[in-house]
Undergrad: 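Quick one: structure below, then a few questions.
Residues: numbered from 1 along the sequence shown.
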Amino acid sequence: MHISSHLPTVCQPSGPTVLVHGSGIRDVISSSDRCLRLTPTSAEGVQAQRYEPGNSDTIPRNSKNYAIPFMTTDPIERPVPPGWKVYIHPEGCLYYCYESVVAFDGCSRKIRVITQADLTHDGVAGTIESLAKLAYSDACRYSSFPINVDLVLELMDVGETVTGGYYFVHCENRCLFWLHDFDAAVILRECSGVTKLSHKQIELEAQYWKHIDLFPHTSALHSQVLRQLQQIIRFAISDCMTSEVSAVCAFSMDVLKDTLDLVKDVDVEDNWIQSAHDKCFIARMMNHFRHCQYLNHHGQRGARLSRDQTVHGDSYEERSVMMKCLAPMLFNAPYGHVRSLHKLYVDFIVNQLDWRTFVQKLNAEMHDSNLLATVLLNVNVGFLAIHSVDNGSGHSLSQVASYVSVISSFGSMLLGVKIARQSYTQGPDMVDNVQAHLQSLVHPKHGLETLAIIYSLPYALLMWGMIFFVLAFFAECFHHPNVVHSVPVSVMALIVLVLVGWSCCTLGDRNLSAERGQLSQLSGSVFTAAKWVKDLPRWIPAAVRSVSAYSRELDCLRLAPA
């Protein structure tokens, strides 16, 4: 490829860019008089173009040919344009690379152009080469342009303008760079409060490792990267051993240990990693660690040192009136759930390890509540089958209480199944979907209280079902009072009630003390209002008597002689 002085005309787009892939490229470049334009993109954008549904080529179902020519023993050569090489990614997709030496800024430089556009279609290779000429011609304006860099190009369509999404790769400094100002919201949006370039540079290195993961054959990795990765993993293991909220990575200790064993088995020849499979493995791990550093403001003032630490000072300690009113009715279960949710959802970031642990605990809780609700439902059905309970004379207190217990059991089971089904559908590893879901539910002042209340409903309904069944049981026991039967039942019930109350107070959650402190103000106002309502019947006659006495005094004053 030679950099020609005659370059395609550069035009400004008239609308938003649309990624084009597969057979759609043929329509984009069908006209030779189209204008060419470059626009910055990222490795994240190239990955999205590769993996998003609808962007890849489709294979016709009815197009088939099962015949194999005779004496087919030699490797099949894929048709590629002159000067290009085709590579197969370890996952199976195709991409192309063009390498050449060109006269650039008065000296010869080696250039490498990489694309995953389908070059087998007519005109695609020429369009990519023209875009490469345009990119390197723009680079001539910068005297500090690096010597050995890679250029990645992808085709886009903007009306009558053929636009090439591009980025340059600086392998020595492990970063991506562009010739134009790049709005990097697509790769930086996960983290808030990003202002310094030193912070953005961490994500640029993460994008560099993502680039190597996308195009491993065209990248060279020195064995020094292996030693660096081993050091990072060993520190991550030690941090997980000494801290339950380590922010170094989102992997468990078992995964880190297995990864460390795999790193030791990577093949190295002449201090270079040769296998494309090993390059993908190393690049993915390095991308994960660097991206975690970016999310945790690594190297910045106020960096996040633990997963449950907020770097923006967000606090959801103040409880809403709805939470204060419903929590006692739900046996304070929402407080435990809201603390767990706020620990795993910090600064609008969901840690994969914390979310997996939370989903496992939530599923176990839903399973236990559904099992107990089923047992309680069967007990109520058996209780209602007793002839003395349902004798056909009407609805007694024991019957009504048992009916309410049945309804509570049904509600507990239905909500438990729904919540468990939702967690199964989202999956413990689908953090992106979960993050968007939580962000839609979070309150700017009270956080995820609504979700905590919903997660508490199966347990609360189960408890109310048990309470109403006990009420039905005692109503039946004391329906026909008998000293011989009532005294033992009453004594045993009192003993059990004292033991249960003492155990609940002793084993209660100490973290609820703060919640009770916040609840005291509301309870105080409620107590004052209740006391005022209680004293209202006593105040009304006194007020009436006072008004009557005052009116009599006025009448006496009017009738008195002047």
Side-chain angles (χ1 to χ4, degrees), residues 1-2 20-30 43 46-47 49-51 53-102 108-133 148 150-155 164 169 171 210-223 262 265-284:
M1 179 187 295
H2 301 285
V20 178
H21 196 70
S23 58
I25 296 176
R26 190 179 307 169
D27 300 331
V28 176
I29 61 175
S30 58
V46 175
Q47 184 186 43
Q49 183 176 359
R50 175 181 294 184
Y51 289 99
N55 288 336
S56 59
D57 290 331
T58 57
I59 302 175
R61 186 182 299 275
N62 297 326
S63 177
K64 54 188 176 181
N65 183 3
Y66 298 141
I68 300 177
F70 65 93
M71 294 300 295
T72 303
T73 59
D74 296 333
I76 304 300
E77 296 292 338
R78 297 178 181 271
V80 293
W84 289 88
K85 294 182 180 179
V86 60
Y87 296 102
I88 303 177
H89 193 274
E91 289 185 334
C93 63
L94 298 176
Y95 63 93
Y96 301 86
C97 180
Y98 186 102
E99 295 186 11
S100 180
V101 178
V102 299
S108 297
R109 295 189 180 185
K110 182 179 180 180
I111 65 171
R112 182 187 288 115
V113 182
I114 306 169
T115 185
Q116 60 185 14
D118 191 356
L119 300 187
T120 59
H121 290 306
D122 295 337
V124 176
T127 302
I128 292 292
E129 293 177 3
S130 298
L131 289 171
K133 294 177 184 178
N148 294 321
D150 296 344
L151 172 63
V152 177
L153 286 170
E154 292 300 325
L155 288 180
V169 183
C171 300
K210 188 179 290 292
H211 161 78
I212 294 182
D213 182 22
L214 293 173
F215 309 106
H217 297 87
T218 62
S219 305
L221 283 184
H222 196 270
S223 60
L262 292 175
D265 295 334
V266 173
D267 296 330
V268 177
E269 296 181 9
D270 298 330
N271 293 327
W272 294 94
I273 302 173
Q274 304 296 329
S275 172
H277 299 77
D278 290 338
K279 292 179 184 178
C280 288
F281 164 62
I282 299 298
R284 290 184 183 184

Undergrad: Of the non-hydrogen atoms in T120 and Y96, which two are nearest, and what is the gap between them?
TA: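 Result for this residue pair: CG2-OH, 3.9 Å.
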Undergrad: What is the minimum heavy-atom distance between H211 and D150, and which atoms define it?
TA: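 Looking at all heavy atoms of both residues, the closest pair is NE2-OD2, 4.3 Å.
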Undergrad: As a quick check of understanding, evaluate side chain to side chain contact (heavy atoms under 4.5 Å, CB included) for Q47 and L214, giving each step before the final call.
TA: CA-CA 7 Å; Q47 184 186 43; L214 293 173; 4.0 Å; yes
Undergrad: To the nearest 0.5 Å, what is the distance between OG on S275 and CG on L221?
TA: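 Going from the OG atom of S275 to the CG atom of L221 covers 11.0 Å.
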Undergrad: Atom CD1 in I212, atom NZ in K279: separation rounded to 0.5 Å?
TA: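 It comes to 8.5 Å.
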Undergrad: Considering non-hydrogen atoms only, spot the tightest contact between G164 and L131 and give its length.
TA: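 G164 and L131 have their closest heavy atoms at CA-CD1, 3.7 Å.
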Undergrad: Is there a donor-acceptor contact under 3.5 Å from the side chain of Q116 to the main chain of F215?
TA: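 Between the backbone of F215 and the side chain of Q116 there is no qualifying donor-acceptor contact (under 3.5 Å).
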Undergrad: With side chain to side chain contact (heavy atoms under 4.5 Å, CB included) as the criterion, how do V80 and K85 come out once you've worked through the C-alpha distance, each side chain's angles and the decisive distance to 0.1 Å?
TA: CA-CA 7 Å; V80 293; K85 294 182 180 179; over 6 Å; no
Undergrad: Closest heavy-atom contact between I88 and R78?
TA: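 That closest heavy-atom pairing would be CD1-NH2, 3.7 Å.
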Undergrad: Nearest 0.5 Å, please: how far is OG1 in T115 from OH in Y98?
TA: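 Answer rounded to 0.5 Å: 14.0 Å.
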Undergrad: How many angstroms lie between CD1 in I114 and CG in L153, if you round to the nearest 0.5 Å?
TA: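 Those atoms lie 9.5 Å apart.
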Undergrad: Taking the ring of F281 and the ring of H277, is the distance between their centroids below 6.0 Å?
TA: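 H277 vs F281: aromatic centres not under 6.0 Å.
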Undergrad: Assign the ring pair H217 / Y87 to parallel, tilted or perpendicular, where the plane angle (0 to 90°) is split at 30° and 60°.
TA: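 Judged by the thresholds at 30° and 60°, the geometry between H217 and Y87 is parallel.
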Undergrad: Report yes or no: does H89 contribute a side-chain atom to a donor-acceptor pair with the main-chain N or O of P216 at less than 3.5 Å?
TA: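 No; zero donor-acceptor contacts below 3.5 Å.
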Undergrad: Where do V113 and A132 come nearest, in terms of heavy atoms and distance?
TA: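 For V113 versus A132, the nearest heavy atoms are CG2-CB, 4.0 Å.
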Undergrad: Could you tell me whether a side-chain N or O of K210 sits under 3.5 Å from a main-chain N or O of A43, the two making a donor and an acceptor?
TA: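 No: the side chain of K210 does not pair with the backbone of A43.
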Undergrad: Working to the nearest 0.5 angstrom, can you tell me the gap between R112 CZ and L151 CG?
TA: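 These two atoms lie 11.5 Å from each other.
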Undergrad: List the atom of V124, the atom of A117, and the distance in Å for their closest heavy-atom pair.
TA: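 Looking at all heavy atoms of both residues, the closest pair is CG1-CB, 4.1 Å.
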Undergrad: Enter the distance from I128:CD1 to W84:CH2 here, rounded to the nearest 0.5 Å.
TA: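 One gets 6.0 Å once the value is rounded to the nearest 0.5 Å.
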Undergrad: For E269, does its backbone N or O pair with a side-chain atom of Q274 as donor and acceptor, under 3.5 Å?
TA: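 Yes, Q274 side chain to E269 backbone: donor-acceptor pair under 3.5 Å.
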